[in-house]
Structures are given as structure tokens and as C-alpha cells.
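Note that the structure is a prediction, hence the values are computed from the model and not measured. Residue numbers start from 1 in every chain, and the chains themselves are labelled A, B, ... in the order their sequence lines are given, proteins ahead of strands.
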There are 2 protein chains.
Amino acid sequence: MSKNVDIKRAKILEVAKRRFAHFGMAKTTMAEIAKDLSFSKALLYYYFPDKNSLYTAVLEYVINEMINKVDTYLLKAVSVERAILFAIESRMELMRENYNLFEYSTSLFMQNPGEMGKSLGPFFDRVRDQFVRILDQGVRQGEIIVDDIEETAELLLFSLMGMRTGILSKDLNDCLFPTPGEFELILSKQKKMVSIFIRGLRA
Amino acid sequence: MSKNVDIKRAKILEVAKRRFAHFGMAKTTMAEIAKDLSFSKALLYYYFPDKNSLYTAVLEYVINEMINKVDTYLLKAVSVERAILFAIESRMELMRENYNLFEYSTSLFMQNPGEMGKSLGPFFDRVRDQFVRILDQGVRQGEIIVDDIEETAELLLFSLMGMRTGILSKDLNDCLFPTPGEFELILSKQKKMVSIFIRGLRA
DNA sequence: GTGCTGACTAATTCTTTTAAAAATTCAAAA
DNA sequence: TTTTGAATTTTTAAAAGAATTAGTCAGCAC
């Protein structure tokens, strides 16, 4: 009866996601999640070994949704630029909707990359791999020329990340994570970045 | 007798630079700097209103050197790409030589952008303005076509910053600031980034 | 008056302690 | 196998105090 187990796992994930997205990892206790579900706290530990695992499971769940959505879009065989733009818009939307969920993971990178970093790394790779697919598609269609696709995808990702950190350090908000208002600005910079990344500046 | 005053200011700057570059801002006390100089602590406050001012003065001093060096290079009217490469190599060298000096300023951005951010912002602008000059020169020479030079310079700077944060978050070092070994990797990514920034991927 | 100092004050950082809260485990029931 | 209440261990939070360090000031010397 692994069916029932899966359903329960999904329920937990769903409730935990809501809590994490709203209050963040730090301000959410296992007891609260259990209460929301009318489960016992101990049951959560039956399904997930610890809080971090639950958190990363939620993260994975949410990121998968996004990745899949973008992959679906890619089937339409649009231009590389449109594909990338769709990807970064989707990502931005995701982060806006699950604000505190990502806020925590971001601030983690800063303080204690060793421990949590290992579990966050894979998600990073997922996004990069999607860029690889996008670029690959563009190369196939003769739209772009890329030497090392893997590395170029990473470069693209890094440069887009740079827009975020750049904006954040200029704005002097309390750093770490963009305020809702900054999302728009970051996205707009990223769009311009994509354009240059594809076309270059050369006359 | 403002001559003598300037000399003394310079001496303080020199000693403070050494201390800051070696031990960082946090682990350097005003008393230590004074002792190195055989001055009284109070005298430091005669020349600099507070520790932060001294720190930023050192930063300014060091950054000016670098900016000027690059500006000199620019007189040779090389290609945009060469100019940018020279600029980022110079910057990298500077950071390597004054390791802890920048380590502090970087980690500041994270924690308390409000207070210190104001004094760090101008340096950021200095670097960006230099990129503006470089791009401008390229446009004049018909080498590149740029819509909004100011913004493009910022985009370039942000994307290069992204290489750093990208590498750092992947490597899972104790973050904030690159280890000596990572400098090379970052620089190599930045070089590739510059190439794409100028040429684009388009077939 | 300008440049300088020693002694003083104020702010900050660094422990240490303790209490509370939250994570995690476990024996046993359903 | 799934679930729980209660016990246990870890983390976090706040408070208090000591110690270090930043910053001030009245006055000396030139």
C-alpha cells in the first residue's frame, strides 16, 4: 500500500510548502506543520528523516514544477532568446510566489555553504542543465554557435545571477534577498543581459 | 605647513593599509596602528575622524592606484576587449595583494549595507565609470555599438561580479571571499564572459 | 594657533549563564 | 506497518558582566 504512503507524503509536502513559503524555514516549526495536518510530530519524522530533508523536498517539488513548465514551453521550438526569457521569467515568478522559501536557501549559502550547500547544489545544476538544453536546441537550429555548451550555460547562469547581486548591493536593502519591488528591476536587467549575451556588442 | 600634514597623513595611510590588508579591518585596532607609527592613538583621530574613514581612505588610495594604472593603459588605444581584460586582470591582482582589505568590504555588503554601503558605493561607481570610458572609446572607434553606455557598463560589471559569486557558491568555500586558488578560476570565467559580451553567441 | 598627548568615557564585542523552544528519538499502541 | 505521547538532546535567546576597543577632551609644547 505504497499509494497511501505517497499521498501522505504529498500532503505533508503541501502543508510544509505553504508554511515555508509564508514564514520561511527558520520561523516554521515541525510542531506547527504537524498541527496543520492534525498529525503527530513524530509522524513527520516517519516520512522525512529531519527538517532539512523536508525543506529540500519542498524545494525540489517546487523547482520541479518550474523546470517542467519551462521544458514544456521548449517543445514549441521558439528562438533561443524567447526560451531563455521564458525561463528567467518563470524563475522570477516562482521566487515571488514562494518568497520566504527561497529567502532561506539564499541566506544559507552565505553562512554555511558546507552543510546545506550540498543539498542546494543539485537544484543549481537542474537550472543549469535546462540552459544547456536551451542552448543545445539553438545550436541545432543553427541560431547560435557555441564552443563549450556546458560552460556557456554556466556563464549565462552566472551572469544572470550577477544582475541580482549587483542590484542588491546597489540598492542597499538589507541584502541577501530582493524585496518584491526589486524583482522587476532585476528581471529587466536580466532581459537586457540576455540580449547582449546572444547578440554581443560588436559592430 | 600643510606639507608636513600631508606627509603624516600618507604615513598613516601606508601603515593602516599594511595592517588592514594583512589582518583585515576587524582584527586591526587603532591602538596597533598608532603603535606601529609610534604615534598616539589620539593623533590618528586628529587626521581621520574615525576608523571607518581611515578604512575607506585606505580603500580609496588603493583603488585609485589601480584605476589610474588602467587609465594609463587605455591611452594606448587598444581594442575594447584588450582594455576590459586589462582592467579585470588589474583588479584581480589588486584583490590578491590586498586580500583582507577587500574581504572586509565584501562581507560588509552582506551584513550592513546601510551604514557602510554608502561609503563603498562610490568605489563601485569608480569602476563602473571606467568601464563607461572603455566602452565609449570602443564606440568612437566603431568597434562596438552600444545603446545606453552607462547601463551597458553596469551590465558588464554585474555579469563579471556574477562570475565571482557563481564560483563561490559552487565551491562551497566559507563563502564571502575567494580563496587565493579561486582567483584564477574566477578570472578565467570572466575572460570568457568578456568574449561573449562582445561577440555574442549568434551565428 | 597648530600639532600632539595621556587620561577619561562610551560603545562594542566577547564570554558565560540560564531558560525556553524546538528538533529528534523511542518504546509501545493501533 | 503506521502512528503516537512522552522523554531526550540540540538550538536558540536573552541577560548579565567583563574586557576590549573606539572615540573624546582638556591641556601641554612649539
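- In this structure, the nucleotide among C/dA23, D/dT4, D/dC25 sitting nearest to the side chain of B/Ala42 is D/dC25.
- Between B/Glu150 and B/Arg128 there is a salt bridge, with a side-chain nitrogen of the basic residue lying less than 4.0 Å from a carboxylate oxygen of the acidic one.
- We find the CZ-CG distance between A/Phe158 and B/Leu160 to be 13.0 Å, quoted to the nearest 0.5 Å.
- Heavy atoms from other residues, nucleotides or ligands lying under 6.0 Å from CG of B/Asp148 number more than 12.
- Not less than 6.0 angstrom separates the ring centroid of B/Phe197 from the ring centroid of A/Phe197.
- Candidate nucleotides D/dG23, C/dT2, C/dT25 were compared by shortest atom distance to the side chain of B/Tyr46, and C/dT2 ranks first.
- Proximity of a side-chain donor or acceptor of A/Lys191 to a complementary backbone N or O of A/Ile186 within less than 3.5 Å is not detected.
- Without hydrogens or angle criteria, B/Asp136 side chain to B/Val132 main chain gives no donor-acceptor distance under 3.5 Å.
- Using a 4.0 Å heavy-atom distance criterion, B/Tyr47 is classed as a sugar-phosphate-only contact.
- Each of A/Ser38 and B/Thr29 was assigned the nucleotide of DNA chain D with the nearest heavy atom; the assignment lying further toward the 5' end belongs to A/Ser38.
- When each of D/dA22, C/dT24, D/dT2 is scored by its nearest atom to the side-chain atoms of B/Met30, the top-ranked nucleotide is D/dA22.
- Remark on the helix from C/dG1-D/dC30 to C/dA30-D/dT1: inter-end axis angle 30°, axes from five-pair C1' superpositions, rounded to 10°.
- Look at CG on B/Asp50: it is 5 Å from P on D/dG23, rounded to the nearest Å.
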